[in-house]
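In what follows, chains carry the letters A, B, and so on, assigned in the order in which the sequence lines appear, proteins first and then strands, with residues in each chain numbered from 1.
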2 protein chains.
Amino acid sequence: MGDLVTITPAEHTALARLEERERKVRRGATLQRANDRVGELFILRKGTMMSSVLLDDGSRQILRFQFPGDMMGLTSLVYREAPETITALSDSVVCPFERSALSEILSAHPRLAALMMVYGQIERAALTDRLAAIGRTSAKARVAAILIDMRNRLRMLDKHIGNSFMLGLTQEEIGDATGLTAVHVNRMLRQIEEEGLIARENGRVTFLDEGGLMRAANYADRYEGLDLSWLPAAR
Amino acid sequence: MGDLVTITPAEHTALARLEERERKVRRGATLQRANDRVGELFILRKGTMMSSVLLDDGSRQILRFQFPGDMMGLTSLVYREAPETITALSDSVVCPFERSALSEILSAHPRLAALMMVYGQIERAALTDRLAAIGRTSAKARVAAILIDMRNRLRMLDKHIGNSFMLGLTQEEIGDATGLTAVHVNRMLRQIEEEGLIARENGRVTFLDEGGLMRAANYADRYEGLDLSWLPAAR
DNA sequence: CGTCAAATTGAAAATTATCAACGAGAGTGG
DNA sequence: CCACTCTCGTTGATAATTTTCAATTTGACG
């Protein structure tokens, strides 16, 4: 949250209480399973994770990728049973906390409540972009969009990531995020590569023509263009 | 919000301040256009509206349908420029209010802040269901899902809506919501009808086999199964 | 060296889009 | 009251995109 506004010491203390405990999650392990009874929320401290739903024909839709600093499992604010599965994409560390802890923060720190609504809306915008991409753009555009999105989000964590990065997703995972089959993802990656937009070498992707890639993907960065002047004063 | 918890008089007064002004919006008129500079939020008082994005090849993706009581334009909490367009599906009445008004409520009424997060998460769940449907289910399933969703949401407003209701969407709008063409929507509606799941007569849809329809659609009702026991006390 | 997940490739099939046309019904101006 | 126009729904034929199935290859790792 410190990226958006300057956090006061009192707010910092309150947020730190959410991260008192730690739990390790191995790559592939499940933190929360859909339809399980749940109550805990999490902050991702290290690693990357994803939230997904499993349809009853066995296919999977990945809803969102999570990076360090993200809150996860916010839906258990609302539902008795989790609607989403949360899985580790790489070995990760999470900080579990109780709903009541969040409740106390909302009461004591209105500005943090507002900031959480802000994050909720950023996430909403990201989800709606994905929705529009899956509903209305070609397979190639969707794959390109995932590449750009992953690069941008990784770069938020590590400022000196440039045009080259470890993707950290299998082609099957890209397919589950974009609503395509792994086979078709493979063909689209190859096509994007043949057009000279990217280069690939075992998991590392390099953007050769970022402008062309953005145009192919119809991409909008939802972490830009923010206006937070309306936030209440810190308490 | 009164559907979820009992609102105290003080909370009621605070919320009523959001609805002091009224504005009429004719069917087809645009309340907020994507990429316009915006600052206002809205509560929908009467009618139905939709939020959508327009891609630059001219195609449209409908993100969400709005019904009376819904807050709209929450993204202007965050962005200088609106990412979504909000349009009236029928003649409607909205109540515009300022971001600062919301800010004051968050500070003065923590339980309302929490309830707004709850609504945000319900909306998120609805969006992710749509995402999974568009990404991973057949055209027929997506159309069936829209039918069920519209019926359920209309029934929340009017308890004695049963198996028959006015859909209030053109086939083109159904297509833009499901990521299909209007032509294909037509064929899917016909097919669902021929299978005896629904009947249609100029805009009115009647469910003949609700169980079959739910199975065809892979449907989950996100307004059920809530657990709000963690909410802070009313102030 | 053997094994296993992941990537790659080709061919055929299924789904969905595109194009083009027509019909029904609502509103509108003469 | 009668063209006239417009939107919406409907239908058929064809094309494009994406999936499915079935191998095969590659690379990491014990």
Side-chain angles (χ1 to χ4, degrees), chain A residues 26-29 50 55 57-62 87-91 133-147 166-194 198-205 216, chain B residues 26-29 50 55 57-62 87-91 133-147 166-194 198-205 216:
Chain A
R26 289 212 179 285
R27 160 166 174 73
M50 63 177 180
L55 307 198
D57 67 346
S59 63
R60 179 176 67 169
Q61 175 69 48
I62 295 178
T87 316
L89 282 167
S90 65
D91 289 350
I134 295 182
R136 288 301 190 198
T137 73
S138 69
K140 190 167 74 168
R142 296 184 224 172
V143 172
I146 284 277
L147 294 180
M166 294 300 299
L167 182 52
L169 299 175
T170 67
Q171 295 181 358
E172 177 132 25
E173 285 159 352
I174 298 175
D176 286 343
T178 53
L180 300 168
T181 57
V183 172
H184 205 55
V185 168
N186 182 285
R187 293 193 232 263
M188 294 301 106
L189 280 172
R190 177 156 314 279
Q191 196 178 323
I192 293 170
E193 189 175 26
E194 279 167 5
I198 64 170
R200 296 181 300 154
E201 359 152 25
N202 38 5
R204 171 167 291 276
V205 174
Chain B
R26 289 212 179 285
R27 159 165 174 73
M50 63 178 181
L55 307 198
D57 67 345
S59 62
R60 179 176 67 170
Q61 175 69 47
I62 294 177
T87 316
L89 282 167
S90 66
D91 290 349
I134 294 183
R136 287 302 191 198
T137 72
S138 69
K140 189 166 76 168
R142 296 184 223 171
V143 172
I146 284 277
L147 294 180
M166 293 302 298
L167 183 52
L169 299 175
T170 67
Q171 295 181 359
E172 177 132 24
E173 284 158 353
I174 297 175
D176 286 343
T178 53
L180 300 168
T181 57
V183 172
H184 205 56
V185 168
N186 182 285
R187 293 191 230 264
M188 293 301 106
L189 280 172
R190 180 159 311 281
Q191 194 178 324
I192 293 171
E193 189 175 25
E194 277 167 5
I198 63 169
R200 295 182 300 154
E201 2 153 24
N202 37 7
R204 171 167 292 276
V205 174

_Rounded to whole Å, please give me the gap between CD1 in A:I134 and P in D:dT18._
12 Å
*Between C:dT8 atom C1' and A:L180 atom CG, what is the distance in whole Å?*
17 Å
*Would you check if the side chain of A:R136 reaches a backbone N or O of B:L180 as a donor-acceptor pair within less than 3.5 Å?*
yes
*Which nucleotide in D:dT18, C:dT16, D:dT20 has an atom nearest any side-chain atom of B:H184*: C:dT16
*asked:* Whole angstroms only, please: what is the NZ-C1' distance between B:K140 and C:dT15?
replied: 13 Å
*Between A:E201 (CD) and D:dA28 (P), how many Å, whole number?*
12 Å
_Strictly distance-based, threshold 3.5 Å: is any side-chain N or O of B:R27 a donor or acceptor partner for the main-chain N or O of B:A88?_
no
*Would you mind reading off the distance between B:D176 atom CG and C:dT16 atom C1', rounded to a whole angstrom?*
15 Å
_In this structure, how many angstroms lie between the P atom of D:dT17 and the CE atom of A:M188, rounded?_
9 Å
Report, one pair per line, the protein and nucleotides 6-13 of chain D atoms (nitrogen or oxygen only) whose separation is under 3.5 Å.
residue: D:dG9; atom: OP2; partner: B:Q171; partner atom: N; Å: 2.8
residue: D:dT10; atom: OP1; partner: B:R190; partner atom: NH2; Å: 3.4
residue: D:dT10; atom: OP2; partner: B:Q171; partner atom: NE2; Å: 2.7
residue: D:dT10; atom: OP2; partner: B:N186; partner atom: ND2; Å: 2.7
residue: D:dT10; atom: OP2; partner: B:R200; partner atom: NH1; Å: 3.2
residue: D:dT10; atom: O5'; partner: B:N186; partner atom: ND2; Å: 3.2
residue: D:dT10; atom: O5'; partner: B:R190; partner atom: NH2; Å: 3.3
residue: D:dT11; atom: OP2; partner: B:R190; partner atom: NE; Å: 2.5
residue: D:dT11; atom: OP2; partner: B:R190; partner atom: NH1; Å: 3.4
residue: D:dT11; atom: OP2; partner: B:R190; partner atom: NH2; Å: 3.2
residue: D:dG12; atom: N7; partner: B:R187; partner atom: NH1; Å: 3.3
residue: D:dG12; atom: O6; partner: B:R187; partner atom: NH2; Å: 3.3
residue: D:dA13; atom: N6; partner: B:R187; partner atom: NH2; Å: 3.1

*Figure out the CZ/C1' separation between B:R142 and C:dA17, and round it to whole Å.*
12 Å
*Nearest to side-chain heavy atoms of B:S138, which nucleotide of D:dT19, C:dT16, C:dA17*: C:dT16
*asked:* What contact category does A:G179 fall into here, base, sugar-phosphate, or nothing, at under 4.0 angstrom with non-hydrogen atoms?
replied: sugar-phosphate
*Indicate yes or no: at least one non-hydrogen side-chain atom of A:H184 is less than 4.5 angstrom from one of A:R142.*
no
*Mind running side chain to side chain contact (heavy atoms under 4.5 Å, CB included) on A:L55 and A:Q61 for me, showing each step along the way?*
CA-CA 8 Å; A:L55 307 198; A:Q61 175 69 48; 5.7 Å; no
*Reported CD-to-CG distance for the pair B:E172 and B:N186, which is rounded to 0.5 angstrom*: 12.0 Å
*asked:* Go through it in stages, so that I can follow the logic: the residues are B:L147 and B:L189, the test is side chain to side chain contact (heavy atoms under 4.5 Å, CB included), and I'd like the CA-CA distance, side-chain angles, deciding distance and then a yes or no.
replied: CA-CA 10 Å; B:L147 294 180; B:L189 280 172; 4.2 Å; yes
*Taking CZ from B:R204 and C1' from C:dG25, how many angstroms apart are they, rounded to a whole number?*
19 Å
*How many angstroms lie between atom CD1 of B:I174 and atom CE of B:M188, to the nearest 0.5 angstrom?*
12.5 Å
